[in-house]
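Only one structure is covered here, and it is reproduced in the block below.
FYI, side chains are in, hydrogens and waters are out, and symmetry mates aren't considered; it's all heavy atoms of this structure. Letters A, B, ... mirror the listed sequences (proteins, then strands); counts begin at 1.
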Protein chains: 2
Amino acid sequence: MSEVPIANWQALAASKREAVFSQIPENWRLPESLTSNFHEKATISVLDVPSTCGLLTSRELELTSAYDATELVELMSKGQVKSQEVVTAFCKRAAIAQQCVNCLTEIFFEEAIARARECDDYFEKHGKTMGALHGLPISLKDSFNVKGTQATIGYISFLSRPPAATNSNLVNLLYSHGAVFYCKTNLPQTMMTADSHNNLFGRTLNPHNLSMTAGGSTGGEGALLAMRGSVIGIATDIAGSCRIPALCCGLTSFKPSAGRVPFGGGVPPGRLGSPGSILPVIGPIGHSIRDAELIMRTICNSDAWTYDENVSGVSWRTAPGVSRPLRFGLIRGIPKRPLHPPIARSLHACATKLKSLGNEIVLLDDKIPDLWESNILAWKFFLLDPKKTPMGHLTDAGEPLVPSLKATMEEELLSFEPSLDGLWDMNLQKMKTVHAYHKLVVENELDAILMPGNSATAVPHDTYGITPFTVLQNLVNYPSAILPYGNADEKLDESFLKADVSYVPPYEPKDLEGLPAHVQIMGKPMKDEELMEISRYVEKALST
Amino acid sequence: MSEVPIANWQALAASKREAVFSQIPENWRLPESLTSNFHEKATISVLDVPSTCGLLTSRELELTSAYDATELVELMSKGQVKSQEVVTAFCKRAAIAQQCVNCLTEIFFEEAIARARECDDYFEKHGKTMGALHGLPISLKDSFNVKGTQATIGYISFLSRPPAATNSNLVNLLYSHGAVFYCKTNLPQTMMTADSHNNLFGRTLNPHNLSMTAGGSTGGEGALLAMRGSVIGIATDIAGSCRIPALCCGLTSFKPSAGRVPFGGGVPPGRLGSPGSILPVIGPIGHSIRDAELIMRTICNSDAWTYDENVSGVSWRTAPGVSRPLRFGLIRGIPKRPLHPPIARSLHACATKLKSLGNEIVLLDDKIPDLWESNILAWKFFLLDPKKTPMGHLTDAGEPLVPSLKATMEEELLSFEPSLDGLWDMNLQKMKTVHAYHKLVVENELDAILMPGNSATAVPHDTYGITPFTVLQNLVNYPSAILPYGNADEKLDESFLKADVSYVPPYEPKDLEGLPAHVQIMGKPMKDEELMEISRYVEKALST
C-alpha cells in the first residue's frame with residue numbers, strides 16, 4: 001500500500017489508453033465505421049482485417065504473413081530484406097491488431113524503426129549480422145521492462161511509476177543478438193487468471209471470435225500473434241500463461257524447464273520473495289517449433305547466467321532428431337474437467353496418428369496423481385502471501401476486481417489460509433507428486449506425455465477458470481509445448497460428445513465452431529532440447 | 001514424536017556400539033594398552049598408528065596410502081590389482097581408524113569383500129570393468145541408506161527403525177559403476193553442528209590431534225580419510241558439512257552446485273518439505289581434486305535424473321584446463337571472526353603464489369554483503385520448522401543435547417521465531433545477497449573467489465561454532481572446493497598475529513601446532529567443471 005489512493009481511476013485509465021493510441025500514426029488508423037464492430041460481444045473473426053482493410057501493402061502483407069521468424073532472420077542475414085522494412089510492416093500490422101482486439105499496452109514504433117535502421121546500417125558496414133536475431137521484431141508481454149517505457153502490468157496504481165530505467169535481463173540478452181522491440185502486450189489483472197483483462201487497458205479479444213477469450217496471462221501476445229502483428233512473442237508462465245494464449249489463439253508455444261531463461265528485471269504482479277517452490281518461467285509463443293528453438297537456442301547459448309543470477313546457464317544442446325519409435329504417455333483428462341469434443345477429437349487424432357507412425361502410446365489416466373488435487377496444490381502455492389500484495393495494488397487505486405479473477409477461485413482456494421507449518425506439508429505433497437511422475441516416466445521409459453493443454457478451445461470471456469492441464473508442468477517443472485491441431489467442427493466433434501458428463505464451461509458447439517484446437521506435449525525436466533525435437537516431429541506428423 | 005520414549009538410552013546406545021564393534025574381526029583389533037590412550041582429551045596424533053600397530057602388511061599399507069582413487073581404479077581396470085585386495089586393505093585400515101578416532105557407525109566388511117570378489121569375477125569373465133568406479137571402496141556418511149544396514153544418524157530413537165530396505169539414489173548410481181561400500185561414518189546430533197558427536201555413537205576425534213574436532217557434519221569421513229581408512233568418501237553439505245571435515249583433517253573436498261548430484265533416498269535429520277531455499281548437496285571428500293572429479297564426472301554422466309527426480313541431469317562438461325591468467329576475488333574474513341594466524345598465513349601465501357604466477361587478485365573484503373549477516377540469514381533458513389522435528393527425535397528417546405549443538409546457536413538465532421511472512425522477507429534478503437555476488441563476479445570478471453573455509457584450523461571439541469565461511473556458498477549456491485595448504489606453525493604464523501582482535505575461539509598456538517591449514521575456492525554457479533579445473537590448477541600451484 002505504498003501509493004496514495006487514486007481519486008478517479010477511470011479517468012486515469014482512459015488517459016493512459018489515449019496516450020497509447022496516440023502512438024499509432026494517423027494513417028495507420030482504421031475507420032470508426034469498422035472498429036465500432038469490434039467489441040467483446042461480437043461473435044466475428046477479425047483475422048482477415050489486416051488483409052482487407054487496405055492499410056498494408058502487398059509486400060507488407062507478405063512480410064508479416066508468409067514467413068516465420070527463422071525465415072525472416074535468414075532473409076535479413078542474407079541481405080535480401082532490410083530490418084526496417086520488416087519492422088515497419090509489423091508495427092503497422094500490430095497497430096491494426098490493436099484496433100481490432102485491444103492487445104497492446106505500450107507502443108514504441110519510432111524507436112523500433114530507428115533500431116531497425118541501426119541493424120541495417122550495421123549489416124551494411126560490417127557485412128555480418130548483429131547476431132542470431134538480427135533485425136527481428138519481437139513483441140513482449142507488458143511485464144518486461146524496456147528502458148524508457150512504462151510497465152504498469154494493468155494496475156492503475158502503477159501509472160504513477162516512472163518509465164523503466166533498465167531493461168529486463170532477457171531484454172538485454174535478446175537485444176545483444178540484434179532483436180528489435182516495438183510494443184508490449186496486454187495481460188490480466190494480477191496476471192493470475194486466463195482472461196487478459198484489466199481496468200487499465202481493458203480486455204483483449206480473441207481474433208478468431210471476439211466474444212471468446214484470447215487466453216492469459218500472455219493474452220495480448222496471443223491475440224497479436226494470431227493477427228500476425230508479431231512473428232514471435234515472449235511470454236511468461238507459472239500456471240500456463242505462455243501456453244493458454246497459444247491454445248486459445250491457434251499458436252505454438254514452448255514452456256522450458258525453470259532456470260534456463262533469465263526471468264529477472266521485470267515487474268512482478270505481487271510480492272517478491274515467494275517461498276513457493278513453483279518458479280515462473282519465460283518461453284516463446286509464435287508460429288512454429290523451429291522459431292521456439294531459435295529463441296531458446298539463442299538464449300541458452302548466450303552465457304545467460306551473466307545476464308541473470310537465477311538461471312543455471314546450461315547451454316542449449318543439439319538433441320538428435322527423432323530416429324526411432326517414441327513412447328508417449330497419454331493423459332486424457334479428469335472427471336471434473338471432461339474434454340470438450342473438439343479437444344477430445346484433436347487429442348485422439350494426434351495419438352492415432354503417432355501410433356500409426358510406429359510410436360507407442362501408454363495410457364496414464366489411472367496412473368497419475370489426481371490432476372485436480374495437483375492443480376489445487378499448485379494454486380495454493382500462488383496464495384502464500386499473508387499480505388495479499390496484489391490486492392493492495394488494486395485498493396491503492398480503488399479499482400475493482402475483474403470478473404475473470406473471481407472465476408479462477410475454486411471453493412478449495414477461497415478457504416485456504418496459508419501458514420508456515422502448512423507450507424511444509426504442501427512441499428511434501430508436491431514432492432510426492434514429482435516423485436510419482438518421475439516413477440511413471442522412468443518405469444514406462446516415456447519420451448514425452450501427450451495431453452490437452454485445456455479441456456476446451458478458447459471459451460467465452462470470463463469462463464476459462466482454473467488451469468489443471470497447464471499448471472501441472474509448472475508444479476513438477478517439466479517443459480511443455482502447445483501445438484495447434486485442428487479446429488472445432490460440430491459435425492466431426494459429435495462422436496466425441498458424452499451425454500453423462502458435465503462440461504465446464506458448458507459445451508456450446510455452435511459458439512465454438514472453427515476455433516483452434518490443440519495438443520500439449522510434456523517433456524522431461526531439463527530435457528528441453530529433446531522435447532523440442534519431439535515437438536518438431538509431432539508438428540510434422542500433424543501437418544501431413 | 002512418533003516413537004515411544006525409551007527408558008534407558010545409554011544402555012541402548014552401548015549395545016549398538018558393541019554390535020558395531022563386533023563387526024571388526026578379532027585379529028584386526030588393537031590392544032587395549034594402545035586404545036586406552038585414545039580419548040577426546042589426548043593431545044596426540046594417531047596418524048601413524050596404522051603403520052606402526054603391525055596389523056597391516058606392507059602391501060596393505062601401500063594400497064591404502066600410496067594411491068588416490070583415480071590410481072586405484074586405473075590399477076584395477078588394468079588387472080594389476082584385484083578389488084578384493086584393495087577392499088580388504090581398506091576394511092582393515094578402517095577398523096584400525098575406528099579404534100583410534102571412533103569414526104564409524106555401520107560396518108559391513110564381509111558384504112564389501114564379497115562385492116569386491118564380484119567385481120573381480122566380472123573383470124575376469126568380461127575382460128572389462130563394471131564402470132568408472134570398478135572395485136573401488138567408497139565410504140559413506142551414515143545418512144545414506146544402504147540396503148540391509150541401519151541409518152540411525154546418531155538418534156537413539158532411530159534405533160528402533162529396521163535396516164534400510166532400499167539404497168539412497170546416489171548409492172544405486174555409484175553401485176552401477178562398480179563401487180564397493182564397506183562402512184558408514186559418524187556425524188553430529190541433528191547434523192547441524194560441526195562436531196561429529198552424538199549420544200548414540202559418541203564423538204569422532206581428529207587423527208591429527210585427538211583433542212581437536214574432526215569437523216562435521218561429515219566428520220566421520222574426515223577422520224577416516226585422514227587415517228587413510230578410506231580413499232574417497234561421500235559427504236553432504238548444507239552449511240559446510242562436506243568442507244569443514246576436510247579443512248579440519250587436511251583433506252580435499254568439493255561441494256557442487258545444487259541439483260547435480262542425486263540427494264534423495266537418504267535419512268533426513270529433520271522434517272521433509274522445508275520451504276527454505278537452501279538446498280543440501282552431496283560432494284566428494286578425499287585426497288585429490290582429480291578424485292573429486294572422478295566422482296563428479298561419473299555421477300553427472302550417468303543420466304542422474306533417472307536415479308533421482310530432484311537433479312537437473314546436466315552432464316559433466318570437459319572444461320578447458322587453465323591456460324590464461326585467472327582473476328581471483330579475495331575475501332579475508334570478517335571482524336567477528338578474524339582469521340587465526342595459520343589461516344591468514346595460508347590464504348596470504350596462496351594469493352601471493354597465484355599472483356606470482358601471473359593471476360590477478362581482486363580484494364573483495366569491503367565489497368561483499370556483510371558475511372555475518374549472510375551467515376545468520378542462512379541459519380535462519382535451517383530453523384523454519386515450527387514443529388522442531390529434530391528436537392522431537394531427541395525427546396522421543398529422552399536423550400540430551402550434545403554440547404556442540406549449543407555452541408552453534410548464536411543469540412540472533414535463539415530469539416528467531418519463524419513465520420510465513422518473515423520467510424518472504426528472508427527470501428528477499430537472500431535474493432539481494434545472491435544479486436550482490438553475481439554483480440561482483442560479473443563486473444569484476446572473476447573466475448573464482450579465494451577465501452578461508454573457516455577462520456581457524458581444527459579447534460578444540462565443541463568450540464567450532466557457527467560457519468560463516470562455508471554456509472555462504474550454500475546460501476548463494478556457488479560450488480566450492482577446499483584444498484589443504486600448509487600447517488599451523490607458531491613461529492611462521494607469528495607475523496600474522498593481530499593484537500587488537502578477539503579470536504573466536506581463542507587462538508592458542510601451542511595447542512594447534514601442526515594442524516592442517518587450508519584455502520577455499522568458490523566458483524560460479526553450475527560452472528562446477530570450471531571450478532574443478534581452477535582447483536586443479538591451484539592444487540598444482542600450491543604443491544610447488
Side-chain angles (χ1 to χ4, degrees), chain A residues 169 257-260 264-265 270-277 279 303-315 317 381 384-387 389 417-439 441-443 445 476-478 524-527, chain B residues 169 257-260 264-265 270-277 279 303-315 317 381 384-387 389 417-439 441-443 445 476-478 524-527:
Chain A
N169 297 335
S257 305
R260 298 209 70 172
R271 183 175 174 184
L272 275 178
S274 174
S277 52
L279 298 173
D303 197 4
W305 183 80
T306 61
Y307 288 89
D308 193 312
E309 61 264 29
N310 291 313
V311 295
S312 61
V314 174
S315 296
R317 290 174 288 110
F381 278 108
L384 287 175
D385 177 9
K387 290 203 164 77
T389 304
E417 287 285 343
S419 74
L420 181 59
D421 195 63
L423 182 51
W424 283 78
D425 294 334
M426 283 166 60
N427 280 337
L428 202 59
Q429 198 189 334
K430 183 187 162 202
M431 285 163 68
K432 284 181 187 164
T433 309
V434 169
H435 185 71
Y437 279 93
H438 179 263
K439 199 165 181 293
V441 168
V442 171
E443 290 186 354
E445 295 178 34
V476 300
N477 192 18
Y478 280 41
K524 295 192 265 190
M526 291 300 284
K527 304 284 186 197
Chain B
N169 297 335
S257 304
R260 297 209 68 172
R271 182 175 175 186
L272 273 179
S274 174
S277 52
L279 298 174
D303 197 2
W305 183 80
T306 61
Y307 288 89
D308 193 313
E309 60 264 29
N310 292 312
V311 295
S312 62
V314 174
S315 296
R317 290 173 290 109
F381 279 107
L384 287 176
D385 178 9
K387 291 204 162 80
T389 304
E417 287 286 343
S419 74
L420 181 59
D421 195 63
L423 182 51
W424 284 78
D425 294 335
M426 285 167 59
N427 280 337
L428 202 60
Q429 197 187 335
K430 184 187 163 202
M431 285 163 69
K432 284 180 185 164
T433 309
V434 169
H435 185 71
Y437 278 93
H438 179 262
K439 200 165 178 299
V441 168
V442 171
E443 289 186 354
E445 295 177 35
V476 300
N477 191 20
Y478 280 42
K524 295 192 265 189
M526 290 301 282
K527 304 283 186 198

Please report the closest heavy-atom contact between [X] and [Y], naming both atoms and the distance.
X	Y	value
B:F381	B:G276	CD2-CA, 3.8 Å
A:P525	A:S257	C-OG, 3.8 Å
A:S277	A:N427	OG-OD1, 3.6 Å

Of A:N477, A:L272, A:V441, the largest count of non-hydrogen pairs under 4.5 angstrom with chain B goes to A:L272
Counting heavy-atom pairs under 4.5 angstrom with chain B, the leader among A:L384, A:V314, A:V434 is A:L384
Could you look at [X] and say if it's the side chain, the backbone, both or neither that has a heavy atom under 4.5 Å from chain A?
X	answer
B:K430	neither
B:V311	neither
B:Y478	side chain

Hey, which of B:V476, B:D385, B:L428 has the most heavy atom pairs under 4.5 Å with chain A?
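With the most close heavy-atom pairs to chain A, the winner is B:D385.
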- Message: Between B:K527, B:H435, B:M431, who has the most heavy-atom pairs with chain A when the cutoff is under 4.5 Å?
- Response: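 Highest number of heavy-atom pairs under 4.5 Å: B:H435.
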Point-to-point distance, once rounded to the nearest 0.5 Å, from CH2 of B:W305 to CE of A:M526 =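 That separation rounds to 12.5 Å.
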Of the backbone (N, CA, C, O) and the side chain (C-beta and beyond), which part of [X] lies under 4.5 Å from a heavy atom of chain B, both, or neither?
X	answer
A:D308	backbone
A:S274	both
A:K439	neither

Any non-hydrogen side-chain atom of [X] less than 4.5 Å from a side-chain atom of [Y]?
X	Y	value
A:S419	A:M426	no
B:V442	A:Y307	no
B:L423	A:L423	yes

